[in-house]
Amino acid sequence: QVQLVESGGGLVQPGGPLRLSCAAFGIAFSIYDMGWYRQAVGRQRELVATIRSGGRIAYVDSVKGRFTIYRDNAKNTVYLQMNNLKPNNTAVYYCKARRPSVSLDYWGKGTLVTVSS
């Protein structure tokens, strides 16, 4: 049974930091590409950041310099450190796992991040 469990969401003031975690169960974590996506009300789900099994990282332009994705293979966990949060970063953030060369993706259920004063 594959399971991705996100945590760390909540209410934060503009300019504040938040760290999201995604713990993976039932997969060989170290060989999977991992990513963070988000979906705001009225918008499509979008890619935020990815980190491949080999370590290559990519970000959507709007978060470059503020967000950092990293992984700890010993803990089967991928993280998203978010700094200088803005109200339009409010969204449900989802974790995704993908086996390279395989089309099937695994998704977490999401964690809500609300940026508001």
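Side chains included, hydrogens not; waters and symmetry mates left out as well; all remaining heavy atoms used.
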Between [X] and [Y], is there a shared hydrophobic cluster once you connect ILVMFWY residues whose side-chain heavy atoms come closer than 4.5 Å?
X   : Y   : value
Y32 : I57 : yes
Y79 : F67 : no
L18 : V92 : no
V41 : L85 : no
L4  : I31 : yes

Among side-chain atoms of R71 and N76, is any donor-acceptor pair under 3.5 angstrom?
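Result is no, nothing qualifies.
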Side-chain H-bond candidate by donor/acceptor type, K96 with Y37, under 3.5 Å
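Yes - a donor-acceptor pair under 3.5 Å links their side chains.
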Would the distance check show the side chain of [X] and the main-chain N or O of [Y] forming a donor-acceptor pair, the cut-off being under 3.5 Å?
X    : Y   : answer
T114 : L11 : no
T90  : N88 : no
Y59  : I69 : yes
R19  : Q81 : no

For the residue pair [X] and [Y], establish whether any side-chain heavy-atom pair is separated by less than 4.5 Å.
X   : Y   : result
R38 : N89 : yes
N73 : K75 : no
F25 : V2  : no

On the six-membered ring of Y106, is R99 placed so that its NZ or CZ lies under 6.0 angstrom from the centre and within 45° of the ring axis?
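No, R99 does not sit over the ring of Y106.
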Closest contact, heavy atoms only, [X] versus [Y]:
X    : Y   : value
P17  : V12 : O-CG2, 3.8 Å
I27  : A97 : CD1-CB, 4.0 Å
S117 : P14 : N-CD, 3.7 Å
W36  : S21 : CH2-O, 3.6 Å

Check against side chain to side chain contact (heavy atoms under 4.5 Å, CB included), T68 and L80
CA-CA 6 Å; T68 302; L80 185 68; over 6 Å; no
Ionic contact status for D33 with R98, cut-off 4.0 Å
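No, no charged N to carboxylate O under 4.0 Å.
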Taking only Lys NZ, Arg NE, NH1 and NH2, and the carboxylate oxygens of Asp or Glu, determine whether E6 and K109 approach each other closer than 4.0 Å.
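The answer is no: the pair does not qualify as a salt bridge.
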Give, for atom CG of D72 and atom OG of S30, the distance between the pair rounded to the nearest 0.5 Å.
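One finds 11.5 Å between CG of D72 and OG of S30.
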Taking atom CE of M34 and atom SG of C95, what is their separation to the nearest 0.5 Å?
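M34 CE to C95 SG: 3.5 Å, rounded to 0.5 Å.
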Is the W107 ring parallel, tilted or perpendicular to the Y94 ring (thresholds 30°, 60°)?
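Because their plane-to-plane angle is over 60°, the rings of W107 and Y94 count as perpendicular.
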